Engineer: 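The structure's right below; bear with me while I get my questions together.
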Amino acid sequence: MNLDKLPDFATVIAWAQPFLIKLAIAAGIVLLGMWIAQRLAALVRRLVLRARSDQALASFVSKLAHIAIMVFVIMAALGHLGIDTTAAAAIVGGSALAIGLSLQAQLSSLAAGIMLIMFRPFRIGDFIEAGGMSGTVEDIHMVKTVLRTGNNQIVHIPNAQIWNSPIVNFSSEPTRRIDLTVGVSYDADLRQTRSVLESVLAAETRILEKPAPVIAVAELADSAVLFKVRPWVKTADYWAVLFALTEATKNALDDADIGIPYPQMDVHLHSQSASSPAENT
């Protein structure tokens, strides 16, 4: 090996200097881009919090903005180094498409989570019925919602399942109406029955005066006359008052000797006379 033919250090430096300058500028672009991305992400987070006051949505949007800016910065740095970014952009786009197809269900839940956080059909602590389940909302994540059922079970429901089904929020209003159906015998005195039901409602102090309770004959059913009893209570008292009214109504009707009939069916038997011997030949 002839060492005399090797380039000297000054020649190597002169040859590499343009590339080193480009590399330094590219590194400066990346560092500056990181600084700008952090500042803009923080700004986006503050704006979202000011508009919606939701930590989950603010974190997600700020991270998304940070990633988008950094992708642009890296592509700019590669372009300054003379690297063709068209192929890189195609690779990034293809990878994003493949990831999107493989994570279609998760992305659907992610989009639903954004919609839930933006429109807020329920909040943490609300009792809801959604996605085929009912319970108290424990937490709202970007891809799932956590419910605590009445029997103290934790249920994780994908947000897409919730968003694509009717959402019933039982805690959104301060008051709630109880719908109690009471069936009495056809032999019962309806005026007396109404008076008994009114006394049951009057004895329950948790029932609100306004709106006024409604007691009405709703249906003449097959085996009973059906009364609809509809008082209003505070939402927090709903279940306690419902259970108390059900028991008190049964006891009050028994004390007044007003029958609550069981479903019944009348069966009529018709006998036929035996045929004569001549008819059997």
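Because the structure is a prediction, the values reported are computed rather than measured. Worth knowing before you read on, the calculation uses all heavy atoms, side chains too, and leaves out hydrogens, waters and symmetry mates.
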Engineer: Give me the atom names and distance for the closest heavy-atom approach of Trp163 to Ala112.
Structural biologist: CB-CB, 3.7 Å
Engineer: At what distance, to the nearest 0.5 angstrom, does CG of Asp237 lie from CG of Leu242?
Structural biologist: 12.0 Å
Engineer: List, one per line, each side-chain donor-acceptor pair under 3.5 Å for residues 30-40, sequence neighbours excluded.
Structural biologist:
none

Engineer: Rounded to the nearest 0.5 Å, how far does CD1 of Ile162 lie from CG of Leu147?
Structural biologist: 6.0 Å
Engineer: Around atom CG of Asp257, are there more than 12 heavy atoms of other residues, nucleotides or ligands at under 6.0 Å?
Structural biologist: no
Engineer: Do Tyr186 and Leu190 share a hydrophobic cluster, counting only Ile, Leu, Val, Met, Phe, Trp and Tyr and linking them when any side-chain heavy atoms are less than 4.5 Å apart?
Structural biologist: yes
Engineer: Which heavy atom in Ile167 sits nearest to a heavy atom in Pro121, and how many Å separate them?
Structural biologist: CD1-CG, 4.0 Å
Engineer: I'd like to know if the side chain of Thr235 and the backbone of Pro174 have a donor-acceptor N/O pair within less than 3.5 Å.
Structural biologist: yes
Engineer: Take Val184 and Leu226 through the side-chain contact (heavy atoms from CB on, under 4.5 Å) test and state the conclusion after the steps.
Structural biologist: CA-CA 7 Å; Val184 297; Leu226 301 183; over 6 Å; no
Engineer: Rounded at 0.5 Å granularity, tell me how far CD1 in Ile124 sits from CD1 in Ile140.
Structural biologist: 5.5 Å
Engineer: To the nearest 0.5 Å, tell me how far Trp232 CH2 sits from Ile178 CD1.
Structural biologist: 10.5 Å
Engineer: Could you state the interatomic distance from CD1 (Ile207) to NZ (Lys234), rounded to the nearest 0.5 Å?
Structural biologist: 13.5 Å
Engineer: Suppose we screen for ring-ring contact (aromatic ring centres under 6.0 Å, His included). Which residues come up paired with Phe127, at least two apart in sequence or across chains?
Structural biologist: Phe170
Engineer: Is a side-chain N or O of Ser199 found less than 3.5 angstrom from the main chain of Val196, in a donor-acceptor match?
Structural biologist: yes
Engineer: Do you know which two heavy atoms are closest between Ser171 and Asn169, and how far apart they sit?
Structural biologist: N-OD1, 2.9 Å
Engineer: Can you see whether Thr181 engages Lys228 through a side-chain donor-acceptor pair at a distance of less than 3.5 angstrom?
Structural biologist: yes
Engineer: Where is the tightest heavy-atom contact between Thr249 and Val200, given as atom of each residue plus distance?
Structural biologist: OG1-CG1, 3.8 Å
Engineer: When you group the ILVMFWY residues by side-chain heavy-atom contacts below 4.5 Å and let the links chain together, are Leu180 and Trp239 in the same group?
Structural biologist: yes
Engineer: Counting only heavy atoms not in Gln192, do more than 12 sit closer than 6.0 Å to its CD atom?
Structural biologist: yes
Engineer: State, to 0.1 Å, how close Arg206 and Ala244 come at their nearest heavy-atom pair, and which atoms those are.
Structural biologist: NH2-CB, 3.8 Å
Engineer: Please assess Lys144 against Ile157 for the test side-chain contact (heavy atoms from CB on, under 4.5 Å), listing each intermediate value before the final yes or no.
Structural biologist: CA-CA 5 Å; Lys144 68 178 181 179; Ile157 308 177; over 6 Å; no
Engineer: For the residue pair Asp189 and Thr193, establish whether any side-chain heavy-atom pair is separated by less than 4.5 Å.
Structural biologist: no
Engineer: Side chains of Ile128 and Val137, heavy atoms from C-beta outward: is any pair under 4.5 Å?
Structural biologist: yes
Engineer: When you measure from the side chain of Ser195 to the backbone of Arg191, do you find a donor-acceptor pair of N or O atoms at a distance under 3.5 Å?
Structural biologist: no
Engineer: How about Arg123: does its CZ atom have over 12 heavy atoms from other parts shown lying under 6.0 Å from it?
Structural biologist: no
Engineer: Quick one: does any side-chain atom of Asn159 pair with a main-chain N or O of His141 as donor and acceptor, under 3.5 Å?
Structural biologist: yes
Engineer: Between Ser165 and Gly131, is there a donor-acceptor pair closer than 3.5 Å when you use the side chain of the first and the backbone of the second?
Structural biologist: yes
Engineer: So, do Asp139 and Thr145 sit near enough that their side-chain heavy atoms are less than 4.5 Å apart?
Structural biologist: no
Engineer: Would you say Leu245 and Pro231 make side-chain contact, with heavy atoms under 4.5 Å?
Structural biologist: yes
Engineer: Just verifying a value: how many Å separate Arg230 CZ and Asp179 CG, rounded to the nearest 0.5 Å?
Structural biologist: 5.0 Å
Engineer: If Ile, Leu, Val, Met, Phe, Trp and Tyr residues are connected whenever their side-chain heavy atoms lie under 4.5 Å apart, and connections chain through other members, are Val143 and Leu116 in the same group?
Structural biologist: yes
Engineer: Find out if a path of hydrophobic residues (ILVMFWY) with successive side-chain heavy-atom gaps under 4.5 Å connects Val146 to Val155.
Structural biologist: no
Engineer: Of all the heavy-atom pairs spanning Gly183 and Pro261, show the shortest one and how long it is.
Structural biologist: O-CD, 3.9 Å
Engineer: Where do Leu253 and Val182 land on the side-chain contact (heavy atoms from CB on, under 4.5 Å) test, with the steps shown first?
Structural biologist: CA-CA 10 Å; Leu253 292 177; Val182 180; 3.7 Å; yes
Engineer: Before giving the answer on side-chain contact (heavy atoms from CB on, under 4.5 Å), spell out for Val229 and Leu201 the whole-Å C-alpha distance, their side-chain angles and the decisive distance to 0.1 Å.
Structural biologist: CA-CA 9 Å; Val229 181; Leu201 296 184; 3.9 Å; yes
Engineer: Consider only side-chain heavy atoms of I, L, V, M, F, W and Y, link residues closer than 4.5 Å, and tell whether Ile260 and Leu220 are in one cluster.
Structural biologist: yes
